[in-house]
Amino acid sequence: MPTLEQTRAILADLVAFPTVSSDSNLEMIVHIAAMLGDLGAHVDLFHDDGGHKANLFATLGPREAGGGIVLSGHTDVVPVTDQNWATDPFQLHEAEGRLYGRGTCDMKGFIAATLAMAPTYAALDLKKPLHFAFTHDEEVGCLGGQALVAELAARDIRPDIALIGEPTEMRIVEAHKGCCEYTVRFHGQEGHGSNPAAGVNAAEAAVRYVARLMDLAEALKARAPENSPFTPPWTTVNLGRIAGGHAHNVIPGRAEVDWEMRPVQAADIAFVKDAMATHVRDTLLPAMRQVMPEADILTEVIGEVAGLEPMEDSAARTLLMELTGQDRAETVPFATEAGLFQGLGCAAAVCGPGSIAQAHKADEFISFDQLGQCLDMLQALGDMLTR
C-alpha cells in the first residue's frame, strides 16, 4: 500500500499546477497521463474546442470486459484572487497534520490518492476494468464532465459504478440536487418615458418573465417526490439579479435576469424550461414585436448540472459501504459530477477526503487523517477488484 508520504509528494506536484478554471489544465493532465501511461494504462485525452484544456480517461485492466469502476475527480480549482493566504497557495505547505494549498481538498487530494494507488492496481490481476476520469471546468458548470460523458456514450463506454471523490470527510453521499444557471437578455427599444407605447420596455418584459418564473417556483413545491431526502424537498428557483434601465424618464431598451434552479429530479428541469420557453414564444415576444420586429429575448445557459438522484438500489452506495464499513448514506447541498455519470447509466456515489467547509477559501487544507482514510478505502477497493 502506498504511504501517506508518497501521496503527499504527488499532491505537492498537483498543487503546483495553477489550474484555475480560467486557465489551462493541460500541463497537469499531461503529467497525470504520463504517470498512468508508464503503468501500462490505456490513456485518452479529450481536448476542448480551443485546445487549451483536456479531460483524461484512462483504464487499467481488461478494457474489452466492459463495465468496471471509474474513479472521478476534477482538475480545475477556484481563483485565489483577493484571498489572504498565509502561504503560497500553489506550493504545498505542511503544518500540524494538515496540508495547505489551493485544491488540496477540492479535489486534488483525492486525485493524488488514486494516483498513489495506481501502481498497486496495475500490479493486480484485475477482473474488470478500473477507470480514471479527470475533468476540466467543473467549477464553472461541469463543462468538462458534460463533454466527457458525451464522449464515453459515443464510444459506448459505460462503467458499472462511478465513485466521485469530492470532499465529504469520507462520508458516503448518495444524492444531491443539480444546479442550472441562466442569464436571460431582453432586447427592446428605447424611447421617451412620456409615451411608453412608442418603445419596447425591456425591463417590463423582464419583470413579466420573472413573474412567470416565480409562479413556477410555487408550482414546483407540489412536484416534490414522495419521501424526498432534500431540504427543502422540492426543486427551488432563485432570482439572483435583475438589471435594466438608466433613468426615470427613459424607456429601457436592455435588461438582464440571472436565475438558477436546484432540481431534485431531471423532469423538473424540462418542466421549468419548457414552460418559460412557451411564455417567451407565445406571450412576451409577440407583444414586444408588435412595436419592434427585431425585439428579442435570448437565454444563455451558464451551466446545467444534473443532480444525483437517490436510488432505492444503488451498487455504488453498496460498494462504498463495504469499502468503508459505514452503514448509512447522506445527501449534500452542493453539486458534483456524479449526476452526469448517473445519466450515462452508472451507479454513482460521492465519497472523498477533506471537508467542503475548507473548499474555495483562503488557506484551504486537507488533513493527513483524511488522506489516510481515503487510501484505506482505495486499498480495500483493490482487494475487491481481483474477485
Side-chain angles (χ1 to χ4, degrees), residues 20-22 74 76-79 81-83 136-146 176-190 200-221 223 230-232 234-247 250-285 287-288 294-307 333-337 339-340 356 359-361:
V20 176
S21 303
S22 57
H74 64 82
D76 62 316
V77 297
V78 297
T81 307
D82 297 327
Q83 291 186 340
H136 65 83
D137 285 336
E138 187 271 351
E139 298 288 5
V140 290
C142 293
L143 305 182
Q146 293 179 70
H176 61 71
K177 291 186 179 183
C179 181
C180 301
E181 297 180 336
Y182 308 94
T183 292
V184 186
R185 296 181 175 90
F186 301 80
H187 301 273
Q189 178 173 286
E190 291 187 345
V200 177
N201 194 314
E204 180 181 327
V207 169
R208 294 180 185 277
Y209 181 96
V210 169
R212 177 63 177 135
L213 192 60
M214 293 301 99
D215 287 342
L216 291 172
E218 287 299 311
L220 286 166
K221 295 179 181 179
R223 291 173 56 89
F230 300 107
T231 304
W234 53 80
T235 293
T236 58
V237 173
N238 179 64
L239 175 63
R241 183 181 70 97
I242 182 169
H246 304 288
V250 178
I251 300 170
R254 297 286 186 271
E256 287 189 354
V257 170
D258 292 341
W259 65 279
E260 70 158 20
M261 64 175 152
R262 301 278 175 155
V264 299
Q265 54 190 349
D268 286 349
I269 301 176
F271 171 74
V272 173
K273 290 180 66 176
D274 290 348
M276 292 310 301
T278 298
H279 185 57
V280 168
R281 183 187 67 239
D282 295 347
T283 302
L284 297 182
L285 279 179
M288 296 170 71
E294 299 81 15
D296 211 351
I297 299 173
L298 302 174
T299 299
E300 178 186 359
V301 178
I302 305 303
E304 290 181 326
V305 182
F334 58 88
T336 79
E337 293 175 327
L340 297 174
I356 196 66
H360 299 191
K361 294 182 178 179

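All residue numbers refer to positions in the sequence shown, counting from 1. Source: prediction; values computed, not measured.
- The shortest non-hydrogen separation linking Pro232 to Thr236 is CG-CG2, 3.6 Å.
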Pair up each side-chain donor or acceptor in residues 294-301 with any protein partner under 3.5 Å, not counting sequence neighbours, and list the distances.
| residue | atom | partner | partner atom | Å |
| --- | --- | --- | --- | --- |
| Asp296 | OD1 | Arg289 | NH2 | 3.2 |
| Glu300 | OE1 | Arg185 | NH1 | 2.8 |
| Glu300 | OE1 | Arg185 | NH2 | 3.1 |

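- In this structure, Arg254 and His187 have side chains that are in contact, with non-hydrogen atoms separated by less than 4.5 Å.
- A distance of 7.5 Å separates CD1 of Ile302 from CD of Glu181, quoted to the nearest 0.5 Å.
- Lys177 and Ala335 get closest at one heavy-atom pair: O-CB, 3.9 Å.
- In this structure the side chain of Phe334 never reaches within 4.5 angstrom of the side chain of His176, judged on heavy atoms.
- For the pair Phe271 and Leu220, the minimum side-chain heavy-atom distance is below 4.5 Å.
- Screening residues 266-285 for salt bridge (charged side-chain N to carboxylate O under 4.0 Å, His left out) gives Arg223-Asp268, Lys273-Glu304 as the qualifying pairs, with residues at least two apart or on separate chains.
- For the residue pair Ser21/Asp137, the side-chain donor-acceptor check at 3.5 Å is not satisfied.
- Put simply, the side chain of Val237 reaches to within 4.5 Å of the side chain of Leu213, judged on heavy atoms.
- Considering every non-hydrogen atom in both Gly141 and Val305, the closest pair reads O-CG2, 3.7 Å.
- Across all their heavy atoms, Met261 and Tyr182 have their closest contact at CE-OH, 3.9 Å.
- Distance check, rounded to the nearest 0.5 Å: OH of Tyr209 to CE of Met276 gives 4.0 Å.
- For the atom pair CG (Leu285) and NE2 (His279), the distance works out to 10.0 Å, reported to the nearest 0.5 Å.
- Contact record, Val257 with Ile242: CG2-CG1, 3.9 Å, taken as the closest heavy-atom pair.
- Separating the CD atom in Glu337 from the CD atom in Glu138 is a distance of 5.0 Å, to the nearest 0.5 Å.
- A donor-acceptor pair is defined here as one N or O able to donate and one able to accept, closer than 3.5 Å; no such pair exists between the side chain of Thr183 and the backbone of Asp258.
- From Thr235, atom OG1 reaches atom NZ of Lys221 across 12.5 Å, with rounding to the nearest 0.5 Å.
- Between Arg262 and Glu260, at least one side-chain N (NZ, or NE/NH1/NH2) sits under 4.0 Å from a carboxylate O, which counts as a salt bridge.
- Taking the side chain as every heavy atom from C-beta outward, Pro263 and Cys180 approach each other to under 4.5 Å.
- The shortest heavy-atom contact between Val140 and Asp76 is N-OD2, 4.4 Å.
- Taking CZ of Phe186 as the reference point, atom CZ of Arg208 lies at 12.0 Å (rounded to 0.5 Å).
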